[in-house]
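Please read the structure below before turning to the comments.
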Amino acid sequence: MSRGLRRSVHLFRAFLVEQSDPAHFYCELARDSVAGIAEHLDLDGAHVLDVGAGPAEFAEAFHEFGATYVPLDADPDVDSVRHGGVVGDAGHLPFADGSFDVVFSSNLWEHVRTPEAVADEMLRVVAPGGLLYIAYTNWLSPWGGHETSPWHWLGGERAARRYERKHGHRPKNLIDDSLFRVSVRQGLDWAEAARESRRADVLALRPRYWPDWARPILRVPGLREIVTWNLLVLVRKR
């Protein structure tokens with residue numbers, strides 16, 4: 001799979017219309033994400049758990065590759081769960097150890113209080129040789145405040161008050177309530193701990209939307225927190 005500048009431009013253009021045309025953005029993101037997983041594991045017949053599922057486009061992308069797809073979310077009204085998914089807590093998954101070939105989680109980490117514990121729980125239900133895919137938006141990225149961005153750089157609560165004055169209601173994502181200050185460093189440290197404890201082999205650590213040649217950004221503390229935008233962590237369970 002080619003991850004050059006053209007791919008990045010394509011994804012960023014889709015990202016610009018996330019609010020006005022979410023189906024287009026999530027369709028492009030889902031295809032890109034699933035194709036990346038397929039580089040490391042044959043998805044035909046694989047059992048996939050999507051933790052923090054939401055847009056139905058991810059289900060469609062996994063089905064195109066022949067996978068059996070199980071969406072899980074705490075919200076029973078999200079599209080992918082409403083039509084046959086599982087309502088559950090990402091920190092206490094209702095599945096036995098090693099139940100899935102792939103556990104997939106896109107933009108969940110920034111919405112849980114204990115992201116490392118959630119990652120451990122997701123790894124628990126991955127079968128040996130299977131994959132855990134985690135991608136999340138870090139707090140100091142330009143989009144870290146989600147709908148309040150980039151004003152979150154001046155403080156989460158201040159950004160929320162500004163949003164409320166402009167739109168007449170509080171934002172969906174409130175700092176320290178449904179949105180948390182997760183860093184790139186946390187994802188890198190979790191992956192290293194999983195490797196050192198011999199629970200998993202690290203297959204990829206990279207800025208999700210950037211070309212492959214941008215990976216050295218992750219070696220630069222401070223800078224990586226601003227320009228990564230979204231960190232991808234991909235590991236194979238031992």
Side-chain angles (χ1 to χ4, degrees), residues 1-18 21-44 46 48 50-52 54-55 57-67 69 101-110 119 122 126 129-138 140-144 182-192 194-195 200-237:
M1 179 178 174
S2 176
R3 281 182 291 270
L5 187 59
R6 180 177 297 181
R7 164 189 169 270
S8 296
V9 170
H10 182 77
L11 287 175
F12 278 121
R13 284 177 174 171
F15 178 79
L16 291 175
V17 299
E18 180 189 10
D21 189 3
H24 172 68
F25 168 65
Y26 285 112
C27 182
E28 296 300 329
L29 182 61
R31 287 174 176 171
D32 182 82
S33 302
V34 177
I37 292 172
E39 294 179 35
H40 301 279
L41 187 143
D42 183 2
L43 288 171
D44 190 13
V48 176
D50 186 349
V51 181
E57 287 77 13
F58 287 97
E60 295 168 4
F62 278 110
H63 287 150
E64 287 178 4
F65 277 80
Y69 175 84
D101 301 300
V102 177
V103 173
F104 177 82
S105 178
S106 177
N107 294 323
L108 169 72
W109 247 41
E110 68 265 37
M122 290 191 288
V126 177
L131 304 181
L132 171 58
Y133 179 111
I134 298 172
Y136 65 94
T137 304
N138 55 296
L140 288 179
S141 82
W143 194 241
V182 65
S183 67
V184 170
R185 175 65 181 271
Q186 284 176 260
L188 300 179
D189 286 351
W190 180 85
E192 178 62 15
R195 185 193 66 80
D201 296 314
V202 179
L203 301 181
L205 292 170
R206 62 174 180 266
R208 187 181 191 181
Y209 299 122
W210 292 107
D212 280 346
W213 48 256
R215 291 178 184 176
I217 289 171
L218 299 181
R219 301 174 189 165
V220 186
L223 178 65
R224 65 190 176 202
E225 299 295 341
I226 304 296
V227 302
T228 296
W229 275 68
N230 193 286
L231 179 68
L232 167 62
V233 179
L234 180 64
V235 304
R236 188 187 302 278
K237 186 173 181 179

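Throughout, residue positions are numbered sequentially from 1 according to the sequence presented.
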Are Asn138 and Ser183 close enough that a side-chain donor and a side-chain acceptor fall under 3.5 Å?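 Their side chains do not contain a donor-acceptor pair, so the 3.5 Å distance test is not met.
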Distance-only polar pair, side chains of Asn230 and Tyr136, donor-acceptor under 3.5 Å: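 No - no donor-acceptor pair under 3.5 Å links their side chains.
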[atom1]/[X] to [atom2]/[Y] distance, rounded to the nearest 0.5 angstrom?
X	Y	atom1	atom2	value
Arg215	Trp210	CZ	CH2	15.0 Å
Tyr209	Leu232	OH	CG	10.5 Å
Trp229	Thr137	CH2	OG1	9.0 Å

Are [X] and [Y] side-chain neighbours, meaning at least one heavy-atom pair lies under 4.5 Å?
X	Y	result
Leu218	Leu231	yes
Arg208	Leu29	yes
Tyr133	Ser105	no
Leu205	Leu188	yes
Leu203	Val235	no
Glu18	Trp143	yes

Quick check: closest heavy atoms across [X] and [Y], and the distance to 0.1 Å?
X	Y	result
Val184	Arg224	CG2-O, 3.7 Å
Leu132	Trp190	CD2-CH2, 3.7 Å
Pro207	Ala214	CG-O, 4.1 Å
Leu131	Val126	N-CG1, 3.7 Å

Less than 6.0 Å separating the ring centroids of Phe58 and Tyr69? no
Asp212/Arg3 under salt bridge (charged side-chain N to carboxylate O under 4.0 Å, His left out): CA gap, chis, key distance, verdict: CA-CA 6 Å; Asp212 280 346; Arg3 281 182 291 270; 2.8 Å; yes
Would you say [X]'s side chain and [Y]'s backbone share a donor-acceptor pair under 3.5 angstrom?
X	Y	result
Arg236	Gly129	yes
Trp213	Leu5	no
Ser141	Ile226	no

With side chain to side chain contact (heavy atoms under 4.5 Å, CB included) as the test, would you mind laying out the steps for Asp44 and Phe65 before giving the verdict? CA-CA 6 Å; Asp44 190 13; Phe65 277 80; over 6 Å; no
Apply side chain to side chain contact (heavy atoms under 4.5 Å, CB included) to the pair Val34 and Leu43, showing each step before the final yes or no. CA-CA 9 Å; Val34 177; Leu43 288 171; 3.6 Å; yes
Quick one: sort the His10 and His24 rings into parallel, tilted or perpendicular, breaks at 30° and 60°.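 Taking His24 first and then His10, their aromatic rings stand perpendicular (interplane angle over 60°).
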Salt bridge flag under 4.0 Å for residues Arg7 and Glu28: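 Glu28 and Arg7: not salt-bridged.
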How would you list, by chain and number, every residue that makes a salt bridge (charged side-chain N to carboxylate O under 4.0 Å, His left out) with Asp189, sequence neighbours excluded? Arg185
Heavy-atom neighbours of Arg13 CZ exceed 12 at 6.0 Å: no
